[in-house]
Amino acid sequence: MREITRRKFIATATLATGFALAVQPISAKVITTDTKGLVAGAVKIPVKDGEIPAYRAMPATGGNFPIVLVIQEIFGVHEHIQDICRRFAKLGYVAIAPELFVRQGDVSKLSSIEEIRPIVAKVPDAQVMSDLDATVNWAVKSSKGNVNRLGITGFCWGGRITWLYAAYNPKVKAGVAWYGRLVGDTTEQTPKHPVDIASGLKVPVLGLYGGKDTGIPLDTVEQMRDRLKSSSSKSEIIVYPDAPHAFFADYRPSYREKEAKEGWQRLQAWFKQHGV
């Protein structure tokens, strides 16, 4: 009965509209990207136990598009993540952000981080890896995506996942991790963290971190840098000395325009350099 209920829940789950309740009020500096020349909106991704909602944006004409997986913060696939997908689509990518917490709950409707964290803590890394595999397959079959030009980028919670998926899927050509946690406790849901996979990493990942990030100590960033030296990935980490956590999040007070714009340029150059 429980499995049937779960399947039904996944089948009826929908994508967030607007911004997550936990991030109100929205900053006046929020960036809004239109859908002119794009196909953009909610889609359903077939997964092992049903379907999960996702946001997909791609050019309205053409095909054989490079694929970018856009991985959410803990606030889910709300308007900011959807806008990032549209920004990628304007650059010629098919960008897809799957809702990776949907089995555990709808975080977009929760009004505080304290309510969100217990839900996110229940999300197993293995489930996320499987859902991302399914998303890549769907991008190829249903969105004119080219699996040989596959990239991934993620923010905060999604930054950690970016490192892990780059280590997990050899088809990934490059990744860009924005202020993702690098070390953590080993649990059943999170058996490994980026620092644990660093030395064996083969995919080039660019890490973008803030020197004033109170949640990600700089000594863990240095630890990651050190481990990456013994890998063949040619990964790099950039630290913006004066930037706090979530400096790319233009809808929040943490936004830092200079560092965000430079990071976005670095991302584009990194993807081009590595064939995404």
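Numbering of residues begins at 1 and proceeds along the displayed sequence.
- Atom CZ of Phe19 and atom OG of Ser27 lie 9.5 Å apart (nearest 0.5 Å).
- Both Leu208 and Leu201 belong to a common hydrophobic cluster when Ile, Leu, Val, Met, Phe, Trp and Tyr are linked at side-chain heavy-atom distances under 4.5 angstrom.
- Between Glu79 and Gln82 there is a side-chain heavy-atom pair separated by less than 4.5 Å.
- Summarising the local packing, CD of Gln24 is surrounded by more than 12 heavy atoms from other residues, nucleotides or ligands at distances under 6.0 Å.
- Remark: Glu222 pairs with Arg225 by the side chain to side chain contact (heavy atoms under 4.5 Å, CB included) rule, at least two apart or across chains.
- Expressed to the nearest 0.5 Å, how far CD1 of Ile119 lies from CD1 of Ile116 amounts to 7.5 Å.
- How far CE of Met224 is from CD1 of Ile197: 5.0 Å, rounded to the nearest 0.5 Å.
- Tyr240 and Asp213 form no side-chain donor-acceptor contact under 3.5 Å, judged by distance and modelled atom types alone.
- A donor-acceptor pair under 3.5 Å links the side-chain atoms of Asp83 to the main chain of Thr33, judged by distance alone.
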Item checked: Ile71/Val128 under side-chain contact (heavy atoms from CB on, under 4.5 Å): CA gap, chis, key distance, verdict -> CA-CA 10 Å; Ile71 314 301; Val128 174; 5.8 Å; no

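- For the 3.5 Å distance criterion, the side chains of His78 and Gln72 fail to qualify, holding no donor opposite an acceptor.
- Here CZ of Arg256 is found 8.0 Å from NZ of Lys29. Values are rounded to the nearest 0.5 Å.
- Within the 3.5 Å criterion, the main-chain N or O of Ser112 finds a donor-acceptor partner in the side chain of Glu115.
- When all heavy atoms are compared, the tightest approach of Pro244 to Ser254 is CG-O, 3.5 Å.
- To the nearest 0.5 Å, the span separating CG on Asn148 from NZ on Lys173 amounts to 5.5 Å.
- A heavy-atom distance below 4.5 Å is not found between the side chains of Asn137 and Ile45.
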Next item on the list: Could you go through the salt bridge (charged side-chain N to carboxylate O under 4.0 Å, His left out) check for Glu73 and Arg252 one step at a time?
Entry: CA-CA 13 Å; Glu73 312 153 299; Arg252 290 162 69 187; 3.6 Å; yes

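- Under a 4.0 Å N-O distance rule, the pair Arg266/Glu236 does not qualify as a salt bridge.
- Of all heavy-atom pairs between Lys48 and Ser130, the closest is CE-OG, 3.5 Å.
- Proximity of a side-chain donor or acceptor of Arg227 to a complementary backbone N or O of Val195 within less than 3.5 Å is detected.
- Contact of the Phe65 side chain with the Pro59 side chain is registered, since non-hydrogen atoms from C-beta on lie closer than 4.5 Å.
- No donor-acceptor pair closer than 3.5 Å links the side chain of Tyr165 to the backbone N or O of Val172.
- Donor-acceptor pairing under 3.5 Å is recorded for the side chains of Arg86 and Tyr55.
- Side chain of Trp270 to backbone of Pro204: a donor-acceptor contact under 3.5 angstrom is found.
- Side chains of Ile152 and Val203 form no contact here, defined as non-hydrogen atoms less than 4.5 Å apart.
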Pair up each side-chain donor or acceptor in residues 176-186 with any protein partner under 3.5 Å, not counting sequence neighbours, and list the distances.
from   : atom 1 : to     : atom 2 : distance (Å)
Trp178 : NE1    : Thr153 : OG1    : 3.1
Tyr179 : OH     : Phe248 : N      : 3.4
Arg181 : NH1    : Val183 : O      : 3.3

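- What you find for Tyr168 and Pro170 is that their closest heavy atoms are O-CD, 3.4 Å.
- Between the side chain of Glu99 and the backbone N or O of Val77, at least one donor-acceptor pair lies under 3.5 Å.
- Using a 4.5 Å heavy-atom cutoff, the side chains of Arg87 and Ile31 are in contact.
- By the 4.5 Å heavy-atom criterion applied to side chains, Gln104 and Pro124 are counted as neighbours.
- Other residues, nucleotides and ligands contribute more than 12 heavy atoms inside 6.0 Å of the NZ atom of Lys90.
- Cluster annotation: Leu91 and Leu38 are assigned to distinct hydrophobic clusters (Ile/Leu/Val/Met/Phe/Trp/Tyr, side-chain heavy-atom contacts under 4.5 Å, transitive).
- The shortest side-chain heavy-atom distance between Phe88 and Leu267 falls under the 4.5 Å cut-off.
- Between Cys85 and Ala97, the shortest heavy-atom distance links the atoms SG-CB, 3.7 Å.
- Once rounded to the nearest 0.5 Å, the distance linking CG of Asp250 with CD1 of Ile84 reads 7.5 Å.
- Cluster membership check: Tyr255 does not share its hydrophobic cluster with Ile216, using side-chain heavy-atom separations under 4.5 Å among Ile, Leu, Val, Met, Phe, Trp and Tyr.
- For the pair Asp131 and Arg103, the salt-bridge criterion is met [side-chain N within less than 4.0 Å of a carboxylate O].
- Shown here is Lys258, whose NZ atom has no more than 12 heavy atoms of other residues, nucleotides or ligands within 6.0 Å.
- Residues Val123 and Trp157 are in side-chain contact: their nearest non-hydrogen atoms beyond the backbone lie under 4.5 Å apart.
- Taking each heavy atom of Gln189 and Ala121 in turn, the nearest pair found is CG-O, 3.9 Å.
- Of the residues listed (Val70, Ile96, Thr135), the one engaging Arg56 in a side chain to side chain contact (heavy atoms under 4.5 Å, CB included) is Ile96, and it is the only one.
- Salt-bridge check for Arg160 with Asp125: passed, with a basic side-chain N closer than 4.0 Å to an acidic carboxylate O.
- Closest approach of Ile113 and Phe75 over heavy atoms only: CG1-CE2, 3.8 Å.
- Linking Ile, Leu, Val, Met, Phe, Trp and Tyr whenever their side-chain heavy atoms come within less than 4.5 Å leaves Leu21 and Ile26 in two separate clusters.
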